[in-house]
There are 4 protein chains.
Amino acid sequence: MLSARAAVLTAYNRPLEIREFPAPAVAAGEAVVRVEMAGICGTDVHLWKGELPVPLPIVMGHETVGWTERLGDGLETDWRGRPLAAGHRVTWASSIVCGECFYCRVKRQPTRCLSRKAYGISYSADQPPHLRGGHAEAIHLRAGTAIFRLPDELETTAVVGAGCALATALHGTERCPVLLGDTVIVQGTGPVGLAAIAVARQSGAQKVIAIGGPAHRLDLARKFGADEVIDFASSEPAARREAALAQTGGFGADVVLECVGIPTAVNEGIELCRDGGKFLVLGQYANAGDISFNPHLITRKQLQIAGSWGFEPRHVDRALAFLSMSPWAERFAGEVTHRYPLAEANAAFETVRDWRAGKTVLIP
Amino acid sequence: MLSARAAVLTAYNRPLEIREFPAPAVAAGEAVVRVEMAGICGTDVHLWKGELPVPLPIVMGHETVGWTERLGDGLETDWRGRPLAAGHRVTWASSIVCGECFYCRVKRQPTRCLSRKAYGISYSADQPPHLRGGHAEAIHLRAGTAIFRLPDELETTAVVGAGCALATALHGTERCPVLLGDTVIVQGTGPVGLAAIAVARQSGAQKVIAIGGPAHRLDLARKFGADEVIDFASSEPAARREAALAQTGGFGADVVLECVGIPTAVNEGIELCRDGGKFLVLGQYANAGDISFNPHLITRKQLQIAGSWGFEPRHVDRALAFLSMSPWAERFAGEVTHRYPLAEANAAFETVRDWRAGKTVLIP
Amino acid sequence: MLSARAAVLTAYNRPLEIREFPAPAVAAGEAVVRVEMAGICGTDVHLWKGELPVPLPIVMGHETVGWTERLGDGLETDWRGRPLAAGHRVTWASSIVCGECFYCRVKRQPTRCLSRKAYGISYSADQPPHLRGGHAEAIHLRAGTAIFRLPDELETTAVVGAGCALATALHGTERCPVLLGDTVIVQGTGPVGLAAIAVARQSGAQKVIAIGGPAHRLDLARKFGADEVIDFASSEPAARREAALAQTGGFGADVVLECVGIPTAVNEGIELCRDGGKFLVLGQYANAGDISFNPHLITRKQLQIAGSWGFEPRHVDRALAFLSMSPWAERFAGEVTHRYPLAEANAAFETVRDWRAGKTVLIP
Amino acid sequence: MLSARAAVLTAYNRPLEIREFPAPAVAAGEAVVRVEMAGICGTDVHLWKGELPVPLPIVMGHETVGWTERLGDGLETDWRGRPLAAGHRVTWASSIVCGECFYCRVKRQPTRCLSRKAYGISYSADQPPHLRGGHAEAIHLRAGTAIFRLPDELETTAVVGAGCALATALHGTERCPVLLGDTVIVQGTGPVGLAAIAVARQSGAQKVIAIGGPAHRLDLARKFGADEVIDFASSEPAARREAALAQTGGFGADVVLECVGIPTAVNEGIELCRDGGKFLVLGQYANAGDISFNPHLITRKQLQIAGSWGFEPRHVDRALAFLSMSPWAERFAGEVTHRYPLAEANAAFETVRDWRAGKTVLIP
């Protein structure tokens, strides 16, 4: 490999450009990976629209599977200690943390590391080695990246289909666990919502109710194990709430998992919790502004509300383990409905923006 | 005792009237208690103003110590199984729950019992036995009331000084624990705030910062163990937040305990939590309306937020045990700054309404 | 119903006798239930052998389903508040606690109630109403018994097949939870072991390894979801341990659930935990004497070890909810391999004693 | 500094020898520290006697304070990010872990790191840089050592007095927390027992009962906050148990903290737990053989038993924070009763072996 092409965002709301960069060298601990498949995440659309601050130009893409092409000195094992050599199929945690700051060391909240950086989000394509996002033919991984060699029986589509959503949901439910026998309402049926349904189901939820849309995503929600689905669009908020409460004996759910991102979903989610219940605010990744909110509900309903930000390498490890449990690899692979070559990256982004896809991937 | 006088609220925002009721009889399990001292809680002022729905006319008062006068058949021991006889000095849990509903049985959230009733709050003075609040010469206790005989060495003023605030704070910190070494910010220096300071201090907090006022309450906060106090009134919100953050290394506290009741305190409290920190919303007992609120903070700061409602009998038991640990009885007794006879109940209420008192009590 | 026959243990290690008792009357809150099916638990064999102290003569049987025949005044709803009338198919929690003692109230450990009594275990058949065990045509239930009306779609065999084992396993795993992704070793494949496999599987265990026997029970273990089974009998302890550790990457399991009852299983179980792992000692219900044990292992492996005794009504509620989740009712029903009429109770007991049965039931 | 003397154990049970080693150079990240004071831990006596396998010859000492003498390239901050320069007074975590193995990464049990090494325990004095224990004029610290700069107001004697015991107790009580209001029994009044008393007291224990000896240590136990002390030596086990149970209402303690090390203390500790209570097995650091043990107690008493091994850097950080809370620095400093120069190391060890000292230190 002498060079690699990448889809580059040069200005917000403008078409991506295909640029070619020289294939990077690898210093100690670093790696170059030839990309097999890369997911387009809803966050990427936010980046495209300029709703989250990123350096421009940028190669996006933080959900990637590829083959190791070059490995720097000392990089001989993956995060789990398995031997690593050129030609191995791998994925990796999208973030690197410092391991030394107040949040990394003292408070053990590494996802809040004071100098955390994420592939596809934090690196300018103008800076060498340029290739620091998945929407490219190759990506350069920094020393310290948590790389995971993939088992042969786990197909690439399942890994990219699960994307960052499954690791995000596993982290979130670590902070707000679904326990055996819980009644669970999942707000949202995008990738994070579907992953939350999967995690709730696999954790032994007694009943899983999904609120989302559009119709093709509600079908996916059912396939992922939702017992009941409620169409977000076809119902007024009050009717929707009543329908959901009716599924929970009128009291509300033991656990509500918010995976929507629209701020008012938090108002609705709190109404859907039973008294003494748990509420995970997982979808408010972007700052989408204020809501009118009554804090009396927190006291009176004596709720437990949790937030969760991104994920750690161990959640990627857990996500891969999750996919090894039947039937999850198959289901997450089935979430991938649209595939595009790199050259058609703009068309690919549009399917995500327009909620047309289950999950859209680039196959460079 | 042939009859007993009581302070009765007959209409919101109107002076209390002293009425005389016949001394009630006791059926099996019931008790009549001659009141020694009864606290006036901030909640009572809310009731007086009509900010919480209660039946009128009403005898208020849910923080009471007295001597057992008559005990119904079968009432031979207190909640802890200690022998109980006429003439014993006692206090009791202010609420009774059904023990059978969804929240009592299945979800073990008895403070959310579907038919919970509280002395001084839920009973009309028009209904026999009329005397169901502490602001009276005698009170009639239902069968099933959790009565606690007081040890001789624990003075009445300490018990009423701690009032419902200490049991409330103990319940709240059970749901949002202060752990050894935590940095804690307590918002509010009313009775609940002071109790929260006490609980944080006794639980091994590394540092306790109190935000409140007025000055006489900040003095109390220091006496209760606050390392630093910040005057709510003398500072702009931004300056206040900066001052508090400066006390926490700039990151915010491990635990923030909201004991204010003003809804915007929730906005400020969230800002005062470190990432990954805990936030107890304890003060929003009354529904004081909506705030403008950004839920993105919950996700990004990956917070743990808890609410807590009232308390159970076991929290009263724990509160009495807490008071037995030096120097807490003395400190809570010292919180009682104003004493009034029953006939001056209106003057007594005014000291609470005007934030003039540490704690005001009636001595019928 | 004028009278009811029962299988009565009159002396340890002697054949049960069939006796006839007058049909009991019901006072307020009490019930008489006509027995449809009653399980014979391993504990019953211990009772038969005199290994646990019980009053003689006794009607055993604490896993029972029947139809309500007579309901005392005030008994109008089941434990969940569902209407209850004569002719309803029900089961019930086998124990009643006082609700008032140190363990019930203060420490919330009701299974350790100082005056707990269990049907089929604590009541002499010489005392009226005589019929206080399930191995009879009818049973008399005390006021306060937690009765559960069964939904039509839940077959009796599933409920008796799950028996006390499922509620025991649910209580145990509440104290020592299996979390999503855990590797779990279950020691023992009797009814409690099978229930533990079911609970681990449904809670999202990554891998479940069962150690037990004989062969027909290992088949059941596989049907209940064990990924791997290791025959207790066909292997030396060292070989068994090696085989189990090989299934856990050599480190041991995240969670080991001991459901054997033989004291030395605790030695083996500790060896099978990974460092920092969890160990539930659930099977040591009877006092079977001392083992030679090295406590250094607890410190060095920094284990979390939990015990669990019996269960509460809410665990019966959770067990019935568990059975409503596919495919568990079918699997637990399939555990019932032997059915006997009351008159052949002795033959029935022998199948349990000799480990011949999956689960043996009496159909009076 | 051209060379440094050290006390060297060359053979088990033989006198220590004073040897002189060349002052070591420092590579990147390394440090040389001039020792101010070093504690002699009970573990050192075990090492001396050959009861724990260590490489010989060895410089012992894992509780040390000194002044930084040389700092390797890149070592510019301490573990908390505070600037670090030559001449600073420091202490450090005694162990270094790999950060990459199954226990470090996947299971987050770094104290069980597969290649953990501890100063004063794991390094042969024959290998350069020779000086890897605190019983010396200087010590060489590896890159990656968690170094803590000491605040001026915290005296060296308090830090060495707290030694490894306080960090060990803080780790142990993280796994087996003492909560506000708990009744606690501490078994053992050596350094770990005293630290456990301190932690229990500061965590809000309602009552702390210490069982230990000899008399001078019971005095220390009282000074550290024990409400009651029971002399191990002057009482039979049965009498001792009765005395302790009498202090807990006959039920046993909510939490028992075993800090003895004698295996039979585990038998006694379990008897001293109330049903549903917690038991920390902290003292069984050395393998001192088997006990006769009845596992039925774990099931019947439904206990929560925890082990804990060593500590992590963050526990040293917490220990220093603990010492900053009045009156703990003073109390731990007061635990140091014997001071010896390096040349009298053998006499110093004898005071520890013979239980004559509160805590003995070397001042090189």
Side-chain angles (χ1 to χ4, degrees), chain A residues 80-82 151 154 162 166-167 169-184 195-208 225-227 247-251 253-255 257 276 280 311-312 314-329, chain C residues 80-82 151 154 162 166-184 195-208 225-227 248-251 253-255 257 276 280 311-312 314-329:
Chain A
R80 285 298 298 265
R82 290 169 292 223
L154 178 56
L166 180 54
L170 287 166
H171 182 206
T173 51
E174 196 177 82
R175 290 174 182 271
C176 179
V178 172
L179 299 179
L180 178 64
D182 279 342
T183 297
V184 180
I197 293 169
V199 169
R201 191 82 282 169
Q202 185 69 23
S203 300
Q206 187 80 29
K207 186 189 245 186
V208 178
D227 298 292
Q247 295 290 341
T248 62
F251 292 111
D254 297 311
V255 185
L257 305 173
L280 176 64
F311 49 86
E312 306 170 27
R314 63 194 176 81
H315 299 110
V316 177
D317 187 49
R318 291 188 58 205
L320 295 172
F322 191 95
L323 292 174
S324 77
M325 289 191 282
S326 175
W328 298 111
Chain C
R80 285 297 298 264
R82 290 169 292 222
L154 178 57
L166 180 54
T168 296
L170 287 166
H171 182 206
T173 51
E174 197 177 82
R175 292 173 181 271
C176 179
V178 172
L179 299 177
L180 179 64
D182 279 343
T183 297
V184 180
I197 292 168
V199 170
R201 190 82 283 166
Q202 185 68 23
S203 301
Q206 188 80 30
K207 186 188 243 187
V208 178
D227 299 290
T248 63
F251 291 111
D254 296 310
V255 185
L257 305 173
L280 176 65
F311 48 86
E312 306 170 27
R314 62 193 178 82
H315 299 110
V316 177
D317 187 48
R318 292 188 58 205
L320 294 172
F322 191 95
L323 292 174
S324 77
M325 290 191 282
S326 174
W328 298 111

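Note on naming: letters A, B, ... go to the chains in the order of the sequence lines (proteins, then strands), and numbering restarts at 1 for each one.
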Handout entry: C:S324 versus A:Q206, side-chain donor and acceptor atoms under 3.5 Å
Key = yes

Exercise for the section: Show the numbers, then the answer: is there a side-chain contact (heavy atoms from CB on, under 4.5 Å) between A:L180 and C:V178? Expected result: CA-CA 9 Å; A:L180 178 64; C:V178 172; over 6 Å; no

Practice task
Would you give the length of the straight line joining atom CE of C:M325 to atom CZ of A:R201, rounded to the nearest 0.5 angstrom?
Solution key: 8.0 Å

Practice task
Taking ring-ring contact (aromatic ring centres under 6.0 Å, His included) as the test, write out the residues that go with C:F322, two or more places apart.
Solution key: C:W328

Problem - Which residues share a side-chain hydrogen bond (donor to acceptor under 3.5 Å, both in side chains) with A:R80, sequence neighbours left out - result: A:D317

